[in-house]
Peer 1: 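Here's a structure for you.
Reminder, nothing fancy here: chain letters follow the sequence lines and each chain counts from 1.
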Amino acid sequence: MKYTPRLPKSNVNVTPTSMLREFFVLTLSLLAIVIVIYILLGFAVDLIVPRISTDLETKMSELFIRSVDAEDIDSEWRGYVQSLVEDLQKRCTKLPYPFKVHVREASSVNALAFPGGHIIVFTGLLGKITSENELAFAFAHEMGHYANRDHLRGVGRAFVFITISTFLFGTDSNISQMLAHALNITELSFSRKQETRADAFALDILNCAYGNVAGATDFLKRLPKEQDPGTIGHYFASHPENLKRISDLNKIIRDKGFKPAGKKPLPKIVQQ
Amino acid sequence: MYNLLFFITLIAVGYLAGTFAERYHYRSIHLREKMFINLPAVTMKTVDYPDDKIKSAELVYGSAVISIDYFKRFTASLRNIFGGTVKSYESLIDRARREALLRMKEMAGDSRMIVNVRIETSTIGRNANKKGVGCLEAIAYGTALTLA
């Protein structure tokens, strides 16, 4: 047998495609799959949420409520805000939730609606309040989220997405942690539509409780300077730009013929 | 955001450095393959030379270790989700095996031919850290015959 030296013409062992192309095709198809699952599960959340009873919701919230309780602070506000919320609940909303207000030390000018009727309010918000009507509006707004069950929708989707990413990349992966971080912000805030509905709900409650809607827009009017969601820092924020929100509120006030005057001051105990 | 930037930087560095190293390596492989083209390395166990014509027969081997880069590893892990040929690893294996063969030929010196050639592949350092960046080792060995 004669040995004929020659080199192979082409390399059969290496696929002649660009690795960049492979990379982008794979990344984009993965992204597409995640988006499709997210949308489908979003629909699932929307289907399931109206069917979750408040009893079940309260039970589920007990799983994590201890950690919420642990961060409560003792403050003169506590008894006052709790009785204010209970008063609104008894006289005007009649929502099937045993509301409990948690006061938490933080500079954030915000209040959160947690499952099970736990409203968390930050001292940053309380420090900016000048009348009881304003505070009542803020709480009535959160109650509006409960009435529409937005709070469950938010948690539901966040949970679903974090599950997907941990499933695909594992818990200690950079990607999962990054996603979880971004999702905490996006998912626990509400869509514009949800905010607008909660605002409309809050106006009704305010009118029912005080016979007027004074203070409804006061707080928002003072906000823009410090917390304008239009800036880059609030890229993820979904609260409608405050000005837009104020004009929406004013429109509802005009349409429904609510009285805009008659503020009630804060009780002495919480005035510094 | 910081995490994402860090991640993209790693991918980009992995791609650029990996591509550069691969091109450089292939150029050297092609050159040396041409150099050694007259030294046959075959898988046959016997040759039809009479025994007295064979001056010596000795073991020759060459091994090469090639590392995965971050870009290839990430692309392969995406491939793990979808299935199919892991194209990003193909060139690594190809380079490791050809390099091992070349080193074996280098060891053979002025032998006439290498018979009974085998190539084996193994991974090393796969569990060195959690991220699983491993290396690939290929070893080629055979019997080098020197004719009288």
Peer 1: Counting only heavy atoms closer than 4.5 Å, note whether Lys34(B) contacts chain A via side chain, backbone, both or neither.
Peer 2: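 Lys34(B) touches chain A through backbone and side-chain heavy atoms alike.
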
Peer 1: May I ask you to check whether over 12 heavy atoms, not counting those of Tyr61(B), lie within 6.0 Å of atom OH?
Peer 2: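 Incorrect, the count does not exceed 12.
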
Peer 1: Assess, by modelled atom type and distance only, whether the side chains of Glu99(B) and His25(B) contain a donor and an acceptor separated by less than 3.5 Å.
Peer 2: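 Side-chain D/A pair, Glu99(B) to His25(B): present.
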
Peer 1: Tell me, side chain or backbone of Ile11(B) under 4.5 Å from chain A's heavy atoms, or both, or neither?
Peer 2: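 Side chain of Ile11(B) only, per the 4.5 Å heavy-atom cut-off to chain A.
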
Peer 1: Counting only N and O atoms by type, is there a donor-acceptor contact under 3.5 Å from the side chain of Arg103(B) to the main-chain atoms of Ser63(B)?
Peer 2: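 Between the backbone of Ser63(B) and the side chain of Arg103(B) there is a qualifying donor-acceptor contact (under 3.5 Å).
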
Peer 1: Answer with side chain, backbone, both or neither: which region of Phe71(B) has an atom nearer than 4.5 Å to a non-hydrogen atom of chain A?
Peer 2: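 For Phe71(B), the contact with chain A is made by the side chain alone.
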
Peer 1: Between Tyr26(B) and Arg23(B), is there a cation-pi geometry (under 6.0 Å to ring centre, at most 45° from the normal)?
Peer 2: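 Pair Arg23(B)/Tyr26(B) does not count as cation-pi.
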
Peer 1: What residue in Lys72(B), Arg79(B), Glu33(B), His30(B) has the most heavy-atom pairs under 4.5 Å with chain A?
Peer 2: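 Among Lys72(B), Arg79(B), Glu33(B), His30(B), the one with the most close pairs to chain A is Arg79(B).
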
Peer 1: What part of Arg97(B) is in contact with chain A, defined as an atom under 4.5 angstrom from a non-hydrogen atom: side chain, backbone, both or neither?
Peer 2: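 Interface part for Arg97(B): neither.
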
Peer 1: Measuring centre to centre across the rings, with the benzene-like ring taken for any Trp, is Tyr15(B) within less than 6.0 Å of Phe23(A)?
Peer 2: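 Here the rings of Phe23(A) and Tyr15(B) have centres that are no less than 6.0 Å from each other.
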
Peer 1: Against chain B, label Thr17(A) side chain, backbone, both or neither, depending on which of its atoms sit under 4.5 Å from a heavy atom there.
Peer 2: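 Looking at Thr17(A), just its side chain touches chain B.
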
Peer 1: In terms of heavy-atom proximity below 4.5 Å to chain B, should Ile33(A) be classed as side chain, backbone, both, or neither?
Peer 2: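 When you check distances to chain B, only side chain atoms of Ile33(A) fall under 4.5 Å.
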
Peer 1: Any side-chain heavy atom of Arg112(B) within less than 4.5 Å of one from Thr146(B)?
Peer 2: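 A side-chain contact under 4.5 Å is absent here.
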
